Amino acid sequence: MTAREPLLRMALRVEQDIFGVRQRGREVAAAIGLEHQDQVRFATALSEVARDLLRTVDGADVSFALVTEPDGRRFLSVDLAPLRPLPGNRYEPQSGAVARLVDTLGLAEAAGYTVVRMSRRVPAAAAALTPPRLAELRAELGTSAPASALDELATQNGQLIAALDEVRSQRDELAVLNAELEETNRGVMALYGQLSEELEETNRGVVALYAELDEKSAQLRAASESKSRFLANVSHELRAPVTAIIGLGRLLTDSASDPLTAEQAQQVELIRSSAADLLSLVNDLLDLAKAEAGRIEPEWVQVDLRAVFGQLRGTLRALTLRSEVELVVEEPPPGTELRSDEVLLAQVLRNLLHNAVKFTDRGEVRMCAERVDDRVRIRVSDTGPGIPAELHERIFEEFYQVPGTSRRSGTGLGLPYARRLVTLLGGTLALTSEPGRGSSFTVELPVAGV
């Protein structure tokens, strides 16, 4: 509930009373804790409203009160009860600026009468007025005599001079700020121009760089296509004579041919072995060339990994394994199926198993499979020497071999070709390995295919 504490009552009857109302308004505002500028604003607004009412309704009864809202906010409120009804039962101040000097200004009902009510909020930092202090304030205001009109006019002039001085000071500060702002704007415009020039120069460099990159890319594509054509042509031309050499070697060692001495048989076997290695290299080059040229088209069918694993298990029995190495091909879980190219998938897994067996001196080589959500994961692991982390990606480069493994037969084309096939099947081929702890190649393929 809003509490109103009346502080002072006075009558507005003649023009001289306007000065008294203004003076009392300023005194009450100062007593309850309004700041100096707010005191002047409140007193000025009060005198303007008093002048309007004296001219239109011959005066009013003026009542000052301290209002405390339920939320604790305090206001200095003034009710001006007109002596006669307001024209049209409405009030508009003569000067539109009056309403901006106070927080509220308008008509209100008080004790059954329509009054003009204006208020200004008391700062929260102002000291609270206790009942004894309010009583003391009422007594002081009731006994003090208002100053003469001349004194009030002198006070107004002093306030006006102070206000003008403050306006001039603010104008000077504004002029300084404007000068600083103009200087800042000039600096900003100069910086903007410099940045624009630098940006334009950078853009020209970027455009030139992109043009150079496009040219280099075109050259690389042309070089890659030429390399693929070269590999394909050379490999094709080499396959026929190499195959012929293998066939001739087989004829020389055939029982129906003339017998060879032990030395001759050894030399022929060496020729056959070298020709077989060369044929393997030629076939790898042809496969890689076809993959790079995009001439491999997968034949998508439903593949049961149990059948693929069984076929690999039977094929790999023909490998010459050292007694220290055990080859384990685990049976895939029932229902481990996916849509893929069975021939290409078997080729990838055979390549990984051959590599694992080739580089493992003791321990085991193991292949297993599992389904993870909508993908099938096939892992080929071994207990070989392992591969350093910095070489994990390099081993998928063409013709690259891990240092120290050159004594093992191989071309360095198997893993690059295997990764290309896995990518073609919509999957990934990744390596996990540490020196001395073996290697693990993981193939992940989507169950639904590409």
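Every value quoted in this text rests on a predicted model; they were computed, and no experiment measured them. When a residue number appears, it is its place in the shown sequence, counting from 1.
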Working to the nearest 0.5 Å, report the span between [atom1] of [X] and [atom2] of [Y].
{"X": "Phe309", "Y": "Asp304", "atom1": "CZ", "atom2": "CG", "result": "10.5 Å"}
{"X": "Leu312", "Y": "Arg350", "atom1": "CG", "atom2": "CZ", "result": "6.0 Å"}
{"X": "Leu345", "Y": "Leu445", "atom1": "CG", "atom2": "CG", "result": "6.0 Å"}
{"X": "Leu137", "Y": "Leu66", "atom1": "CG", "atom2": "CG", "result": "9.0 Å"}
{"X": "Leu7", "Y": "Phe64", "atom1": "CG", "atom2": "CZ", "result": "9.0 Å"}
{"X": "Leu338", "Y": "Glu342", "atom1": "CG", "atom2": "CD", "result": "10.0 Å"}

Identify the two heavy atoms, one from [X] and one from [Y], that lie closest to each other, and give their separation to 0.1 Å.
{"X": "Pro85", "Y": "Val57", "value": "O-CG1, 3.6 Å"}
{"X": "Val380", "Y": "Ala356", "value": "CG1-CB, 4.3 Å"}
{"X": "Leu305", "Y": "Ala369", "value": "CD1-CB, 4.0 Å"}
{"X": "Leu431", "Y": "Ser439", "value": "CD1-CB, 4.0 Å"}
{"X": "Met118", "Y": "Ala45", "value": "CE-CB, 3.6 Å"}
{"X": "Val102", "Y": "Ser119", "value": "CB-O, 3.5 Å"}

Using modelled atom types only, decide if a donor and an acceptor are shared between the side chain of [X] and the backbone of [Y] within a distance under 3.5 Å.
{"X": "Ser433", "Y": "Ile387", "answer": "yes"}
{"X": "Arg73", "Y": "Phe75", "answer": "no"}
{"X": "Asp382", "Y": "Val365", "answer": "no"}
{"X": "Glu370", "Y": "Arg377", "answer": "no"}
{"X": "Asp341", "Y": "Val343", "answer": "yes"}
{"X": "Thr336", "Y": "Pro333", "answer": "yes"}
{"X": "Arg41", "Y": "Arg100", "answer": "no"}
{"X": "Asn178", "Y": "Leu174", "answer": "yes"}
{"X": "Arg371", "Y": "Val376", "answer": "no"}
{"X": "Thr383", "Y": "Glu364", "answer": "yes"}

[X] vs [Y] side-chain heavy atoms within contact, under 4.5 Å:
{"X": "Asp79", "Y": "Val62", "value": "no"}
{"X": "Glu198", "Y": "Leu195", "value": "yes"}
{"X": "Arg204", "Y": "Glu201", "value": "yes"}
{"X": "Leu54", "Y": "Glu15", "value": "yes"}
{"X": "Phe441", "Y": "Val443", "value": "no"}
{"X": "Val116", "Y": "Leu86", "value": "yes"}
{"X": "Lys358", "Y": "His354", "value": "no"}
{"X": "Leu76", "Y": "Val28", "value": "yes"}

Pairing of [X] and [Y] as salt bridge, 4.0 angstrom limit:
{"X": "Asp103", "Y": "Arg121", "value": "no"}
{"X": "Arg24", "Y": "Asp17", "value": "no"}
{"X": "Arg84", "Y": "Asp58", "value": "yes"}
{"X": "Glu212", "Y": "Lys216", "value": "no"}
{"X": "Glu69", "Y": "Arg74", "value": "no"}
{"X": "Glu331", "Y": "Arg313", "value": "yes"}

Please check if the number of heavy atoms outside [X] that lie under 6.0 Å from its [atom1] is greater than 12.
{"X": "Glu35", "atom1": "CD", "answer": "no"}
{"X": "Glu299", "atom1": "CD", "answer": "no"}
{"X": "Gln37", "atom1": "CD", "answer": "yes"}

Which residues pass the side chain to side chain contact (heavy atoms under 4.5 Å, CB included) test with Arg51, not counting sequence neighbours? Ile18, Glu48, Arg55
Under the rule for side chain to side chain contact (heavy atoms under 4.5 Å, CB included), what residues qualify as partners of Glu92, not counting sequence neighbours? Arg90
Thr44 and side-chain contact (heavy atoms from CB on, under 4.5 Å): which partner among Arg22, Gln39, Arg26? Arg22
Check whether Phe42 forms a cation-pi arrangement with Arg120 (NZ or CZ under 6.0 Å from the six-membered ring centre, at most 45° off the ring normal). no
Any residue meeting salt bridge (charged side-chain N to carboxylate O under 4.0 Å, His left out) with Arg133, in chain and number order, not counting sequence neighbours: Glu136, Glu140
Please walk me through it: do Arg379 and Met367 pass side chain to side chain contact (heavy atoms under 4.5 Å, CB included)? CA-CA 6 Å; Arg379 182 177 292 107; Met367 183 171 70; over 6 Å; no
Show your reasoning for whether side chain to side chain contact (heavy atoms under 4.5 Å, CB included) applies to Asn355 and Leu415. CA-CA 9 Å; Asn355 273 355; Leu415 287 177; 3.5 Å; yes
For Thr432 and Ser440, which I'm curious about, is there any donor-acceptor pair between the side chains at under 3.5 Å? no
When you check the side-chain N and O atoms of Asp52 and Tyr91, is any donor under 3.5 Å from an acceptor? yes
Begin from the C-alpha positions of Val115 and Leu107 and carry the test side chain to side chain contact (heavy atoms under 4.5 Å, CB included) through to its verdict. CA-CA 6 Å; Val115 299; Leu107 297 181; over 6 Å; no
Stepwise side chain to side chain contact (heavy atoms under 4.5 Å, CB included) check, Thr442 with Leu429: CA-CA 6 Å; Thr442 302; Leu429 173 58; over 6 Å; no
